[in-house]
K.L.:
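Questions regarding the structure given below will be posed in turn.
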Amino acid sequence: MNVLVATEKPFAKKAVEGIRSIVEQAGYTLKLLEKYTDKAQLLDAVADAEALIVRSDKVTAEVIAAAPRLRIVVRAGAGYDNVDLAAATARGIVVMNTPGQNSNAVAELALALMIFMSRNRFTPGTGSELQGKTLGIHAYGNVGRLVGLKGKALGMKVVAFDPFITDEALFAADGVERLSSVEELYERADFLSLHIPATAETKGSIGYERLMSMPKGATLVNTARKEVIDEEGLARALSEREDLKYVTDIAAATQAELDEKFGKRVFATPKKMGAETAEANLNAGLAAARQVVGFLKEGVTKFQVNK
Ligand code: NAD
């Protein structure tokens with residue numbers, strides 16, 4: 001049984017060693033395709049793979065068609081919008097993510113971005129503090145919850161909106177106020193941290209109206225996906241309100257224009273780096289390998305996302 005790890009941006013060496021050990025102990029063969037530069041290399045490598053582990057690599061319908069023996073794809077990470085779910089499902093291929101494994105890394109970056117912006121991007125001048133401010137969490141999943149807890153530790157008031165969480169007690173136990181409307185979330189948040197996945201429903205959903213409803217001096221923090229932002233609406237709101245700021249880990253398609261037009265009020269990390277810690281890299285890689293083995297050996301589908 002061949003397990004292919006295909007990573008344009010490779011896992012850390014320690015993670016690869018761990019993955020190899022889990023796969024080989026299960027009696028399978030590990031194949032590595034790292035730093036590939038051409039789609040053809042991936043199409044070639046998947047030809048005899050039963051299992052595929054990727055990071056942000058694009059698993060398109062073409063890749064799936066080139067992999068006749070493929071049974072499982074695991075995206076080592078949280079968001080799985082890089083995998084063509086419809087094409088996989090049509091072939092009966094199980095797709096999984098590794099939820100929670102990189103959440104702490106992303107949450108720490110979200111807080112770092114807030115401090116960076118409130119301290120004038122570490123340039124001289126009077127900044128402001130997070131303590132006492134209201135932190136709005138849009139989607140209280142693995143990352144959102146950790147951002148909320150860390151925000152509380154910094155003395156922030158935390159409010160959250162996530163209509164899909166059924167465990168009401170979770171918010172109270174965390175000391176977080178659950179809001180029932182997304183409108184109220186934006187109206188109250190001095191810092192709004194985005195943690196919604198990119199879905200048909202959420203794509204382009206955060207724009208002019210949401211931003212304009214935010215309090216004076218508010219900052220929108222995006223460590224989720226660029227696709228959830230309506231960039232035209234964002235630019236319009238930033239033009240009309242000179243007090244608003246936007247900071248992101250995923251540069252907008254129009255980032256150069258935003259930078260030029262709004263200067264210090266906008267910032268994008270040079271490259272998506274939320275999950276880029278040694279710890280997250282290792283955790284997600286090992287979890288992916290364990291999930292592949294669990295599925296191939298025992299049919300475990302716990303983290304399947306295309307049920
Ligand atoms: P998660 O699946 O644990 O949580 C997502 C939450 O979103 C769930 O609680 C769900 O109920 C909620 N949700 C879904 N649709 C919603 C909607 N329309 N309105 C409000 N809430 C909604 O995911 P996570 O691990 O917390 O990650 C969140 C997102 O962060 C991922 O989808 C991914 O896009 C992004 N992410 C980015 C990086 C990075 O490197 N910057 C790394 C990991 C994850």
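All ligand and atom numbering here is 1-based and tracks the order in the structure.
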K.L.:
Look up atom CD in Glu184 and atom OG in Ser213, then write down how far apart they are to the nearest 0.5 Å.
P.N.:
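With rounding to 0.5 Å, CD (Glu184) is 11.0 Å from OG (Ser213).
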K.L.:
Could you check atom 15 (N) of ligand 1 against the protein and tell me its nearest heavy-atom contact, residue, atom and distance included?
P.N.:
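Ranked first by proximity to atom 15 (N) of ligand 1 is Phe164 CE1, 3.5 Å.
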K.L.:
Please determine whether a side-chain nitrogen of the Lys or Arg among Lys261 and Glu257 lies less than 4.0 Å from a carboxylate oxygen of the Asp or Glu.
P.N.:
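Salt bridge between Lys261 and Glu257, a charged N being under 4.0 Å from a carboxylate O: no.
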K.L.:
In the protein, what heavy atom is nearest to atom 5 (C) of ligand 1, and what distance, to one decimal place, separates them?
P.N.:
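That would be His195 O, 3.9 Å.
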K.L.:
I'd like to know if Asp81 and Arg225 make a salt bridge, using a cut-off of under 4.0 Å between side-chain N and carboxylate O.
P.N.:
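Result for this pair is yes, salt bridge flagged.
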K.L.:
Students should be able to answer this: which protein heavy-atom is nearest to atom 14 (C) of ligand 1, and at what distance?
P.N.:
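The protein heavy atom lying closest is Pro197 CD, 3.4 Å.
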K.L.:
With a 3.5 Å cut-off and no angle check, do the side chains of Glu279 and Asn283 form a donor-acceptor pair?
P.N.:
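No, because no side-chain N or O of Glu279 sits under 3.5 Å from a partner of the opposite role on Asn283.
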K.L.:
Measure the distance from atom 37 (C) of ligand 1 to every protein heavy atom, then report the residue, atom name and distance (to 0.1 Å) of the closest one.
P.N.:
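I find the closest protein heavy atom is Thr223 O, 3.0 Å.
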K.L.:
Can you figure out which of Ile137, Asn142, Asp162 has its heavy atom closest to atom 9 (O) of ligand 1?
P.N.:
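The residue whose heavy atom sits nearest atom 9 (O) of ligand 1 is Asp162.
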K.L.:
Taking the non-hydrogen atoms of Gly77, is any one of them nearer than 4.0 angstrom to ligand 1?
P.N.:
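No, Gly77 has no heavy atoms under 4.0 Å from ligand 1.
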K.L.:
What are the atoms of ligand 1, with element, lying closer than 4.0 Å to any heavy atom of Glu201?
P.N.:
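Going through ligand 1 atom by atom, the ones under 4.0 Å from Glu201 are 18 (N).
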K.L.:
Take atom 23 (O) of ligand 1 and look for protein heavy atoms under 4.0 Å from it; say yes if you find one, no if not.
P.N.:
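So atom 23 (O) of ligand 1 lacks protein heavy-atom neighbours under 4.0 Å.
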K.L.:
Taking 4.0 angstrom as the limit and counting only heavy atoms of Asn102, give me the atoms of ligand 1 inside it, by number and element.
P.N.:
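Atoms satisfying the 4.0 Å criterion: 43 (C).
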K.L.:
Does the distance from a Lys or Arg side-chain N to an Asp or Glu carboxylate O, for Asp48 and Arg69, drop under 4.0 Å?
P.N.:
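A salt bridge is absent here (no side-chain N lies under 4.0 Å from a carboxylate O).
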K.L.:
Is Thr202 in polar range of ligand 1, meaning some N or O pair under 3.5 Å apart?
P.N.:
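The answer is no, given that Thr202 and ligand 1 share no N or O pair closer than 3.5 Å.
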K.L.:
Do you see a protein non-hydrogen atom under 4.0 Å from atom 2 (O) of ligand 1?
P.N.:
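No.
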K.L.:
What I want to find out is whether Arg265 reaches Glu242 closely enough, with some N-O distance under 4.0 Å, to be called a salt bridge.
P.N.:
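Here Arg265 does not pair with Glu242 in a salt bridge, since their nearest N and O are not under 4.0 Å apart.
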K.L.:
Where is the nearest protein heavy atom to atom 19 (N) of ligand 1: which residue, which atom, and how far?
P.N.:
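Scanning the protein heavy atoms, the shortest distance from atom 19 (N) of ligand 1 goes to Ile196 CG2, 3.8 Å.
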K.L.:
So does Glu227 pair up with Lys203, basic N to acidic O under 4.0 Å?
P.N.:
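So Glu227 does not pair with Lys203 through a salt bridge.
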K.L.:
May I ask whether Ala224 has any heavy atom positioned less than 4.0 angstrom from an atom of ligand 1?
P.N.:
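Per 4.0 Å heavy-atom rule, Ala224 contacts ligand 1.
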K.L.:
I would like to know whether Gln255 and Asp259 meet side-chain hydrogen bond (donor to acceptor under 3.5 Å, both in side chains); could you show each step before the answer?
P.N.:
CA-CA 6 Å; Gln255 193 65 43; Asp259 288 345; 3.1 Å; yes
K.L.:
For atom 25 (O) of ligand 1, which of Ala105, Ala107, Ala78, Ala280 has the closest heavy atom?
P.N.:
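Looking at heavy atoms only, the winner is Ala78.
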K.L.:
Is there a heavy atom of Ala275 sitting under 4.0 angstrom from any atom of ligand 1?
P.N.:
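Yes, Ala275 has heavy atoms under 4.0 Å from ligand 1.
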K.L.:
Quick one: nearest non-hydrogen protein atom to atom 20 (C) of ligand 1, plus distance?
P.N.:
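Its nearest protein heavy-atom neighbour is Pro163 CD, 3.5 Å.
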K.L.:
In terms of atom number and element, which parts of ligand 1 are under 4.0 angstrom from non-hydrogen atoms of Val106?
P.N.:
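By the 4.0 Å cutoff, the relevant atoms are 38 (C), 42 (C), 43 (C).
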K.L.:
Please determine whether the number of non-hydrogen atoms from other residues, nucleotides or ligands lying under 6.0 Å from atom NZ of Lys9 exceeds 12.
P.N.:
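Yes - once you tally the heavy atoms of other residues, nucleotides and ligands closer than 6.0 Å, there are more than 12.
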K.L.:
Please confirm whether Asp249 comes within less than 3.5 Å of ligand 1 when only nitrogen or oxygen atoms on both sides are compared.
P.N.:
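Between Asp249 and ligand 1, an N or O pair is found under 3.5 Å apart.
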K.L.:
When you check the gap from the basic side-chain N to the acidic O, do Glu17 and Lys13 get nearer than 4.0 Å?
P.N.:
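Lys13 and Glu17: salt-bridged.
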K.L.:
Among Thr202, Ile250, Leu220, find the one that has a side chain to side chain contact (heavy atoms under 4.5 Å, CB included) with Leu194.
P.N.:
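When side chain to side chain contact (heavy atoms under 4.5 Å, CB included) is applied between Leu194 and each of Thr202, Ile250, Leu220, only Leu220 qualifies.
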K.L.:
Can you tell me which residue and heavy atom of the protein come closest to atom 33 (C) of ligand 1, and the distance to 0.1 Å?
P.N.:
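Residue, atom and distance for the closest contact: Arg225 NH1, 3.6 Å.
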K.L.:
Taking only Lys NZ, Arg NE, NH1 and NH2, and the carboxylate oxygens of Asp or Glu, determine whether Arg55 and Glu8 approach each other closer than 4.0 Å.
P.N.:
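Here Arg55 does not pair with Glu8 in a salt bridge, since their nearest N and O are not under 4.0 Å apart.
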K.L.:
Give me the residue, atom name and distance of the protein heavy atom closest to atom 7 (O) of ligand 1.
P.N.:
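Here the nearest protein heavy atom works out to Ala139 CB, 3.3 Å.
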K.L.:
Regarding ligand 1, does Phe161 bring an N or O atom to under 3.5 Å of one of the ligand's N or O atoms?
P.N.:
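Checking ligand 1 against Phe161, no N or O pair falls under 3.5 Å apart.
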K.L.:
In terms of atom number and element, which parts of ligand 1 are under 4.0 angstrom from non-hydrogen atoms of Val143?
P.N.:
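So the answer, numbered in order with elements, is 24 (P), 25 (O), 26 (O), 27 (O).
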K.L.:
Is any side-chain N of the basic residue among Arg236 and Glu231 closer than 4.0 Å to the acidic one's carboxylate O?
P.N.:
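Here Arg236 does not pair with Glu231 in a salt bridge, since their nearest N and O are not under 4.0 Å apart.
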